Amino acid sequence: MRISNLLIPTLREIPAEAEIPSHRLMLRAGFIRKLAAGIYSYLPLGLKTLKKVENIIREEMDRAGAQELLMSALLPAEAYQVSGRWDVFGPAMFRLKDRWGRDFCLGPTHEELFTQTVINEVRSYKEYPMTLYQIQTKYRDEARPRFGVMRSREFIMKDAYSFDRDSAGLDESYKKMYDAYCRIFTRLGLDFTIVDADSGAMGGSGSQEFMVKSPVGEDGIAYCNKCSYAANYEKAVCMPSEKPFPEGDFDIEKVQTPNVHTIDELVAFFNAKPHMFAKTILYKADDKYIAAMVRGDREINEVKLKNLIGCTDDLVLAEPHMVREITKADVGFAGPVGLEIEVIADLEVAQMKNFIIGANETGYHFKNANINKDFTPSRIADIRTIESGDACPRCGAPIETAQGIEVGHIFKLGTKYSDSLGLTYLDENGKSQTVIMGCYGIGVTRCLAAAIEQNYDENGIIWPVSIAPYHVIVMPVNAKEDAQMQAAEKIYENLKAAGIDALLDDRSERPGVKFKDADLIGIPVRIVVGKKIGDGIVEYKLRTENVAVEKTIDRAVSDAIEFVKARL
RNA sequence: CGGGAUGUAGCGCAGUUUGGUAGCGCAUCUGGUUUGGGACCAGAGGGCCGCAGGUUCAAGUCCUGUCAUCCCGACCA
């Protein structure tokens, strides 16, 4: 493509709305434009890149034996009403009515519709196993769309669903998708980590997330560099760590602690370490109130707590007036002694000795508290968030933590949708059996942002060759010099003939403008045609390198072709 | 949904405190000189100052409301 014929509206200045690198660069390089919060248009360069990502995903899904189909994004309410998710999604689902007043939604995810399709179309058990997928636009009315296409309200997703006769079959289908995902993200040039994920309210027997480590990631992940353990914060198993406590058989003692509320203030008041306190936090779980205890230097993981107690609604901090009613003290003085609600203590609390807790009386704490002597929690469980340096639950080495962008999620669903929608089959003996399902998602548009987050510098994007909108840019320094322009045209035509996506910067801009644009849009290979063209010499530079090398025309072309083909 | 901030030309911003002809840089268009890392000179076009009310002789500026966007948090199959 000639740049003079291509819409590449690059921006010199960073739009004020963008915060993270991928969002800024996609705007500046002319890949996307915003229509409304969380809704974007893809301009020619953005669409070209998007299509390349889609094609890699499509090739690998097909290779894994999945079949592509395409459903509408505009969906009737019935299937979601039957599965119960018409209510579960709440305000996150875009809803609308047709002219007759019938309910529709814009599909946020398609488990119900794929299940329905299989119910309608599959006649015999002999057709299983089967995996169906689509690459399609999804709609979720996010409470807070942000970071450009990283979390948007309209986005493109590859969603796949597997249907098996039994759980052994599901394991096999799941493994195929797992392997396909590894190939896909490798081909996309992403450095990814696979973590165990929380199954949560979805139930099922397992789930893993494909995470791209990045400071702008919205999820916390824990991983071990010694063994292969990796999990997200909600799933990571926390091993209790040993800490020193005062030795001896002390009796619990009430201490006046005026104006001391936070752990920091307690540390100063008692001249002790944060781990020598236990904090007691009150939560509202569905219709009841509970207390959760963790060591003073730890954080409660609310997802773990929610899963533990089987809370169906949101688990939220108790309102201050309820804290006062339950503890009979101001917020900041809650403790387990004498509390009449359920108390759930973290595993580490069980190892503490002679520690400090709130006294359920404004202005007082207890010191020398001991578990099972001064109070007895109703449950002791892993309810804290893992931290860097914790022992790996598998091998004991120190755990590392990082932020990650979730680009893929694979899930053993089990029978949730086949049960609620009635997807069964007759086996060889004429007996009715429930189909076992899995679901597998990739955030296609999010992959674009993730790829940029991992590949950019101060000058712009550095696309991996496999998804670069164009592979090579040919740039005559001065488009008015016939010799330069003619040579550039020839190089461009030769590259195209070899199947390379080539760009010709035929604009009569000054060289600086062209260099800046080429770097900004991140084309992997640059061939500059300058004054030495009289000697048949051009300049060859990779976007990842700082220096250019001079080559003959033929050599530059053949090197570029070889470089690109080796990385597709 | 809680907390914070911002809406002025395509983009980035000043002007709002103290009401009085709407500005700057970049981009765009014309002419000329330039051509190896975002050129220079001369000229030109482009605005319902987010929107709606109100106060005032007079509102970008003050008041009320409203909408939008961004950030932190909550939420996120």
Side-chain angles (χ1 to χ4, degrees), chain A residues 9-20 23-24 27-28 30 33-39 80 83-93 105 107-114 138-148 150-153 155 157 159 161 197-204 207 209 216 218-219 232 234 302-303 306 313-317 319 406 409-411 413 416-417 439-441 443 446 458-460 475-481 484-485 505 507-520 526 528-533 538-539 541 546 548 550:
Chain A
T10 56
L11 305 174
R12 291 197 185 202
E13 289 177 281
I14 301 166
E17 70 194 36
E19 286 288 320
I20 67 167
H23 189 196
R24 293 176 168 199
L27 288 168
R28 276 197 63 209
R33 288 294 184 260
K34 185 177 71 178
L35 281 175
I39 301 176
Y80 290 93
S83 74
R85 290 210 290 183
W86 185 258
D87 296 321
V88 170
F89 270 110
M93 189 150 75
C105 68
T109 177
H110 279 64
E111 279 80 6
E112 285 85 347
L113 283 300
F114 274 77
K138 298 282 187 274
Y139 296 87
R140 295 182 194 176
D141 196 358
E142 294 281 350
R144 188 180 162 209
R146 61 185 137 173
F147 300 154
M150 192 76 81
R151 177 168 296 280
S152 51
R153 297 196 291 176
F155 59 99
M157 186 183 206
D159 48 326
Y161 306 87
D198 171 49
S199 322
M202 294 283 278
S207 149
E209 291 170 342
V216 305
E218 298 180 272
D219 301 296
N232 68 19
E234 288 74 40
E302 295 180 3
V303 174
K306 188 175 170 180
D313 287 340
D314 291 340
L315 181 75
V316 293
L317 285 174
E319 309 88 329
E406 181 190 344
H409 197 163
I410 57 178
F411 220 110
L413 275 180
K416 179 179 167 77
Y417 296 95
C439 70
Y440 316 89
R446 185 180 281 180
E458 66 279 7
N459 293 315
M475 184 192 298
V477 168
N478 187 338
K480 286 181 183 159
E481 295 281 340
Q484 289 184 19
M485 201 58 209
D505 194 346
R507 299 174 297 174
S508 54
E509 291 285 352
R510 291 169 62 84
V513 174
K514 297 187 190 180
F515 287 132
K516 289 287 184 190
D517 277 348
D519 286 348
L520 179 60
R526 189 182 78 192
V528 175
V529 181
K531 286 182 178 137
K532 290 194 180 170
I533 195 61
V538 297
E539 190 181 284
K541 181 180 171 297
N546 286 321
E550 293 187 342

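Just so it is clear, the structure is predicted and the values come from calculations on it, not from any experiment. A note on names: the letters A, B, ... follow the listed sequences, proteins ahead of strands, and every chain is numbered from 1.
- Between A:Tyr80 and A:Asp87 the shortest side-chain heavy-atom distance does not fall below 4.5 Å.
- For B:G38, the base has no donor-acceptor partner in the side chain of A:Arg507 [N/O atoms by modelled type, under 3.5 angstrom].
- When the P atom is used for both B:C70 and B:G60, the distance is 28 Å, rounded to whole Å.
- B:G15 and B:G20 are spaced 14 Å apart, taking the P atom of each and rounding to whole Å.
- Comparing A:Lys531 and A:Glu13 along RNA chain B, the residue whose closest nucleotide (by nearest heavy atom) sits nearer the 5' end is A:Glu13.
- Looking at heavy atoms from C-beta onward, A:Asn232 lies out of side-chain contact with A:Asp219 at the 4.5 angstrom threshold.
- Side-chain to base pairing of A:Arg151 with B:C76: one donor and one acceptor N or O lie within less than 3.5 Å of each other.
- Look at the P atom in both B:C41 and B:C24: the space between them is 15 Å, to the nearest Å.
- For B:G38, neither phosphate oxygen OP1 nor OP2 lies less than 4.0 angstrom from any side-chain nitrogen or oxygen of A:Lys514.
- Only the P atoms considered, B:G7 is 12 Å distant from B:C62, to the nearest whole Å.
- A donor and an acceptor atom sit less than 3.5 Å apart, one in the side chain of A:Lys480 and one in the base of B:U35.
- The separation between A:Asp517 atom CG and B:A39 atom P is 11 Å, rounded to whole Å.
- Considering only side-chain atoms of A:Glu539, the nucleotide from B:G37, B:U69, B:G36 that sits closest is B:G36.
- Only one option out of A:Val477, A:Val538, A:Val528 pairs with A:Ile533 in a side-chain contact (heavy atoms from CB on, under 4.5 Å); it is A:Val538.
- Look at the P atom in both B:A59 and B:C13: the space between them is 28 Å, to the nearest Å.
- B:C26 sits 14 Å from B:G46 when the C1' atoms are compared, rounded to a whole Å.
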Report all interatomic pairs (protein N or O, nucleotide N or O of nucleotides 27-30 of chain B) with separations under 3.5 Å.
from: B:A27; atom 1: OP1; to: A:Arg12; atom 2: NH2; distance (Å): 3.3

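- Taking 3.5 Å as the limit, the base of B:G12 and the side chain of A:Arg28 contain no donor-acceptor pair of atoms between them.
- For the pair A:Arg446 (side chain) and A:Glu406 (backbone), a donor-acceptor distance under 3.5 Å is present.
- The listed nucleotides are B:U35, B:G38, B:G37; the one nearest the side chain of A:Val477 is B:U35.
- For the P atoms, the distance linking B:C1 with B:U64 amounts to 22 Å, nearest Å.
- On a pure distance criterion of 3.5 Å, no polar donor-acceptor pair joins the side chain of A:Asn478 and the base of B:G36.
- Under 3.5 Å, the side chain of A:Asn459 and the base of B:G37 form no donor-acceptor pair of N or O atoms.
- Only the P atoms considered, B:C49 is 22 Å distant from B:G65, to the nearest whole Å.
- Checked by atom type, the side-chain pair A:Tyr161/A:Asp159 shows a donor-acceptor distance below 3.5 Å.
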